[in-house]
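Both ligands and their constituent atoms are indexed starting at 1 by order of listing. Quick caveat, the model's predicted, so the values are computed rather than measured.
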Amino acid sequence: MRINNVTVIGCGTMGNQIAMQAALCGYQVKNYDLNRDMIQKAEKFACDWFASRVLKGKMAQETAAEAQSRLVFTDCLENAGVGADLVIEAVPDILEIKKQVLGSIDRYTPEHTIYASNSSYIVSSLFADAVQRPDKVVNFHFFNPALVMQLVEIVKGPHASGETIDTVMEFAVSIKKTPVLVKKEIYGFVVNRIFSAVTKEACYLLDQDIASAEDIDLAVRKGLNHPLGPLELLDMTGIDLEYHVLMERYKMTGDPADKPSAAIVEHFAKGEYGRKTGKGFYRYGASKEDS
Ligand SMILES: NC(=O)c1ccc[n+]([C@@H]2O[C@H](COP(=O)([O-])OP(=O)(O)OC[C@H]3O[C@@H](n4cnc5c(N)ncnc54)[C@H](O)[C@@H]3O)[C@@H](O)[C@H]2O)c1
């Protein structure tokens with residue numbers, strides 16, 4: 001199946017950059033959000049990003065202008081759905097929101113539309129029946145920042161057809177990503193299962209006051225050769241996201257070990273979500289400082 005028109009639902013951290021990457025690689029892209037402030041922020045980010053690439057000599061003016069002309073923002077769900085060959089959802093990792101948003105846009109999309117979820121953890125069989133053709137639903141997991149990170153995980157649920165998987169694998173390569181195929185559904189897929197084990201331990205060490213956030217990150221960077229420590233990375237991906245993910249998991253399993261750690265709960269309650277709010281495990285401004 002040929003993909004020409006891509007709709008990305010959600011103009012947040014992930015959706016905005018996924019939409020930009022697809023537009024850069026030649027697709028006609030609509031980036032939809034119900035929040036107009038988020039649309040404005042995303043439009044400004046795209047504008048500034050393309051301008052700075054040109055200014056730094058990393059992109060030709062013409063390439064930037066063409067990509068921008070292929071990317072439109074909308075707060076109209078019907079407009080977002082009409083003509084979409086591929087819908088990529090990047091709304092918060094809350095099962096009910098995923099179901100609601102996919103069920104709603106399915107009223108306007110053509111019959112052949114493929115639905116790809118950027119969820120970090122939730123397997124698509126939990127929401128595939130929100131649309132009329134569950135065989136067209138797949139997990140398509142990008143990493144943050146989506147314009148930069150190479151890897152995407154494509155997860156085949158029992159409902160997904162081989163054609164759907166092949167089409168999304170090909171699409172991933174066409175937008176210059178490196179896909180890995182996760183052959184069976186598993187909560188958190190591959191990368192986040194490994195990442196969760198590391199962050200869980202880092203938060204435990206912090207909660208127990210075994211070491212400071214800075215020293216935990218330093219130890220992981222220098223001792224394991226990770227480019228970023230786990231707490232720095234949580235600040236980058238969003239403590240709010242981590243909180244919601246862990247709470248959803250806890251709701252599913254009822255296992256207290258799946259609950260967010262004290263540090264995550266505290267930062268979440270204070271609205272300290274990391275880089276996007278200027279404070280998380282660290283403060284962001286002129287210089288990074290342990291909080
Ligand atoms: N942040 C990361 O590092 C990261 C990495 C990989 C995958 N993800 C996944 O990407 C998805 C989005 O995460 P994010 O960090 O971009 O979130 P975000 O909070 O930055 O953005 C979510 C956007 O969805 C919009 N939204 C909410 N409900 C909506 C609805 N019903 N219709 C349309 N738009 C709606 C919000 O207005 C917001 O703009 C999640 O599933 C998350 O697990 C996030």
Side-chain angles (χ1 to χ4, degrees), residues 7-21 30-46 73-81 84 87-108 115-124 126-127 130 137-155 172 177 180 182 187-196 199 228 230-249 268 271 273-277 280:
T7 288
V8 181
I9 310 179
C11 285
T13 309
M14 296 304 292
N16 184 17
Q17 293 201 22
I18 294 169
M20 288 166 67
Q21 180 71 14
K30 293 175 188 166
N31 195 181
Y32 160 75
D33 204 297
L34 43 64
N35 181 334
R36 289 200 183 153
D37 288 344
M38 291 307 288
I39 293 179
Q40 268 182 8
K41 263 173 89 175
E43 261 185 301
K44 183 173 179 328
F45 178 84
F73 294 87
T74 180
D75 64 354
C76 171
L77 184 66
E78 181 173 358
N79 176 27
V87 169
I88 303 171
E89 74 75 15
V91 297
D93 233 3
I94 297 170
L95 182 57
E96 285 315 311
I97 300 183
K98 306 273 189 209
K99 281 187 182 172
Q100 182 271 323
V101 89
L102 292 176
S104 308
I105 200 167
D106 196 42
R107 284 182 276 151
Y108 305 112
Y115 293 98
S117 169
N118 184 48
S119 174
S120 303
Y121 291 89
I122 307 174
V123 294
S124 71
L126 294 178
F127 50 79
V137 181
V138 63
N139 285 99
F140 186 24
H141 181 215
F142 290 74
F143 291 81
N144 188 10
L147 279 164
V148 176
M149 294 293 283
Q150 282 287 303
L151 185 72
V152 286
E153 291 175 317
I154 294 170
V155 187
K177 298 296 174 195
V180 291
V182 182
Y187 179 82
F189 322 136
V190 172
V191 173
N192 276 337
R193 289 186 75 83
I194 295 170
F195 177 56
S196 290
T199 51
L228 279 178
L231 302 171
E232 295 170 297
L233 201 49
L234 279 178
D235 268 2
M236 201 172 120
T237 53
I239 290 173
D240 53 333
L241 174 69
E242 181 71 2
Y243 176 85
H244 288 308
V245 162
L246 292 170
M247 285 307 288
E248 282 289 295
R249 183 64 182 157
F268 178 77
Y273 299 160
R275 281 181 183 272
K276 62 182 157 187
T277 59

S.K.: Evaluate T7 against I105 for side chain to side chain contact (heavy atoms under 4.5 Å, CB included), listing each step before the verdict.
M.R.: CA-CA 10 Å; T7 288; I105 200 167; 4.2 Å; yes

S.K.: Please state whether A90 comes within less than 4.0 angstrom of ligand 1, counting heavy atoms only.
M.R.: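 Yes.
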
S.K.: Would you mind running through ligand 1 and noting each atom that sits below 4.0 Å from a heavy atom of T237?
M.R.: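 So the atoms of ligand 1 that pass are 1 (N), 2 (C), 3 (O).
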
S.K.: Does the K177 side chain pair with the main chain of A146, one donor and one acceptor, at a distance under 3.5 Å?
M.R.: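 Here the side-chain-to-backbone pair exists.
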
S.K.: Given I94, N31, V91, identify the one with the heavy atom nearest to atom 11 (C) of ligand 1.
M.R.: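 Comparing heavy atoms across I94, N31, V91, the nearest one to atom 11 (C) of ligand 1 lies in V91.
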
S.K.: Quick one: does H141 get a heavy atom under 4.0 Å from ligand 1?
M.R.: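 Contact present.
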
S.K.: If you have a sec, work out which protein heavy atom is nearest atom 43 (O) of ligand 1 and how many Å separate them, to one decimal?
M.R.: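 Heavy-atom neighbour on the protein nearest atom 43 (O) of ligand 1: S120 OG, 2.8 Å.
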
S.K.: For ligand 1, which atoms sit closer than 4.0 Å to a heavy atom of P92?
M.R.: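 Near P92, the atoms of ligand 1 are 22 (C), 24 (O), 27 (C).
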
S.K.: Roughly how far, to the nearest 0.5 Å, is the CD atom of Q100 from the CG atom of L102?
M.R.: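 Rounded to the nearest 0.5 Å, the CG-CD separation comes to 9.0 Å.
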
S.K.: Kindly confirm or rule out an N or O of D93 lying under 3.5 angstrom from an N or O of ligand 1.
M.R.: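 Checking ligand 1 against D93, an N or O pair does fall under 3.5 Å apart.
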
S.K.: How close does the nearest protein non-hydrogen atom get to atom 33 (C) of ligand 1, and which residue and atom is it?
M.R.: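 Residue, atom and distance for the closest contact: Y32 CE2, 3.5 Å.
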
S.K.: If I compare all heavy atoms of G274 with all of I239, which pair ends up nearest, and what's the gap?
M.R.: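 Where G274 meets I239 most closely, the heavy atoms are N-CD1, 4.4 Å.
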
S.K.: Roughly how far, to the nearest 0.5 Å, is CZ of F142 from OG of S120?
M.R.: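 Reported to 0.5 Å precision, the distance equals 12.0 Å.
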
S.K.: Determine the minimum heavy-atom distance between L95 and E248, stating which atoms define it.
M.R.: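 Reported closest heavy-atom pair: N-OE1, 3.5 Å.
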
S.K.: Within ligand 1, which atoms have a heavy atom of Q100 less than 4.0 Å away?
M.R.: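 Selected atoms, number and element: 31 (N).
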
S.K.: Check the pair H141 / S119 against side chain to side chain contact (heavy atoms under 4.5 Å, CB included), numbers first and verdict last.
M.R.: CA-CA 6 Å; H141 181 215; S119 174; over 6 Å; no

S.K.: Run the contact test for Y121 against ligand 1 with a 4.0 Å cut-off on heavy atoms, strictly below, and give the result.
M.R.: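 No, Y121 has no heavy atoms under 4.0 Å from ligand 1.
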
S.K.: With a 4.5 Å cut-off on side-chain heavy atoms, are L234 and F195 touching?
M.R.: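 Side chain of F195 against side chain of L234, heavy atoms only: contact under 4.5 Å found.
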
S.K.: I'd like to check F73 versus Q40 (side-chain heavy atoms, cut-off strictly below 4.5 Å). Are they in contact?
M.R.: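 Side chain of F73 against side chain of Q40, heavy atoms only: no contact under 4.5 Å found.
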
S.K.: Other residues, nucleotides and ligands only: do more than 12 of their heavy atoms fall within 6.0 Å of NZ on K41?
M.R.: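 Open.
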
S.K.: Select the closest option to atom 21 (O) of ligand 1 among G10, S104, A42, G12, judged by heavy-atom distance.
M.R.: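 Selected option, by shortest heavy-atom distance: G12.
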
S.K.: Do the side chains of Y115 and D106 get nearer than 4.5 Å, heavy atoms only?
M.R.: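 They are in contact (side-chain heavy atoms under 4.5 Å apart), so the answer is yes.
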
S.K.: Provide the number and element of each atom of ligand 1 under 4.0 Å from a heavy atom of N35.
M.R.: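 That gives atoms 37 (O) of ligand 1.
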
S.K.: For atom 13 (O) of ligand 1, what is the closest protein heavy atom, and at what distance to 0.1 Å?
M.R.: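 Nearest neighbour among protein heavy atoms for atom 13 (O) of ligand 1, to 0.1 Å: M14 CG, 4.2 Å.
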
S.K.: Output the list of atoms in ligand 1 that are nearer than 4.0 Å to some heavy atom of L34, sorted by atom number.
M.R.: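 That gives atoms 29 (C), 30 (C), 31 (N), 32 (N), 33 (C), 34 (N), 35 (C) of ligand 1.
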
S.K.: Compare N139, T13, I122, D33 and give the one whose heavy atom is closest to atom 34 (N) of ligand 1.
M.R.: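 Of the listed residues, D33 has the closest heavy atom.
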
S.K.: What do you reckon, does M236 put a non-hydrogen atom under 4.0 Å from ligand 1?
M.R.: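 No heavy atom of M236 comes that close to ligand 1.
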
S.K.: Is there a donor-acceptor contact under 3.5 Å from the side chain of E89 to the main chain of I9?
M.R.: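 No.
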
S.K.: With backbone taken as N, CA, C and O and side chain as the heavy atoms from C-beta onward, which portion of V101 lies under 4.0 Å from ligand 1: side chain, backbone, both, or neither?
M.R.: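 Just the side chain.
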
S.K.: For atom 19 (O) of ligand 1, which protein heavy atom lies nearest, and how many Å away is it?
M.R.: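 For atom 19 (O) of ligand 1, the nearest protein heavy atom is K276 NZ, 4.5 Å.
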
S.K.: If you round to the nearest 0.5 Å, how far is CG of D240 from NE2 of H244?
M.R.: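 If I round to the nearest 0.5 Å, the distance is 5.5 Å.
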
S.K.: Would N144 count as a polar contact of ligand 1, with the cut-off being nitrogen or oxygen pairs under 3.5 Å?
M.R.: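 Yes, N144 has an N/O under 3.5 Å of an N/O on ligand 1.
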
S.K.: Given side chain to side chain contact (heavy atoms under 4.5 Å, CB included), test V91 with K98 step by step and report yes or no.
M.R.: CA-CA 7 Å; V91 297; K98 306 273 189 209; 4.2 Å; yes

S.K.: Give the residue and atom name of whichever protein heavy atom lies nearest to atom 10 (O) of ligand 1, and the separation in Å to one decimal.
M.R.: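 Protein heavy atom at minimum distance: N118 ND2, 2.9 Å.
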
S.K.: Which bit of I9 is near ligand 1, meaning a heavy atom under 4.0 Å away: side chain, backbone, both or neither?
M.R.: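 Near ligand 1, I9 shows its side chain, while the N, CA, C and O stay back.
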
S.K.: Among all protein non-hydrogen atoms, which one is nearest to atom 6 (C) of ligand 1, and what is the separation to 0.1 Å?
M.R.: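 Minimum-distance protein heavy atom for atom 6 (C) of ligand 1 reads F142 O, 3.1 Å.
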
S.K.: Check L241 against ligand 1 and report side chain, backbone, both or neither, counting heavy atoms closer than 4.0 Å.
M.R.: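 Just the side chain.
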
S.K.: Any protein heavy atom at under 4.0 Å, with atom 17 (O) of ligand 1 as the reference point?
M.R.: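 So far as the 4.0 Å threshold goes, atom 17 (O) of ligand 1 is out of reach of every protein heavy atom.
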
S.K.: Mark up the atoms of ligand 1 that fall under 4.0 Å of a heavy atom belonging to K98, in ascending order.
M.R.: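 Close to K98: 40 (C), 41 (O).
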
S.K.: Looking only at atom types and distance, does a side-chain atom of K30 sit under 3.5 Å from a main-chain N or O of N79, one as donor and one as acceptor?
M.R.: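 The answer is yes, because a donor-acceptor pair under 3.5 Å joins these two groups.
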
S.K.: Can you name the atoms of ligand 1, numbered from 1 with element, that are less than 4.0 Å from a heavy atom of M38?
M.R.: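 Atoms satisfying the 4.0 Å criterion: 37 (O), 39 (O).
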
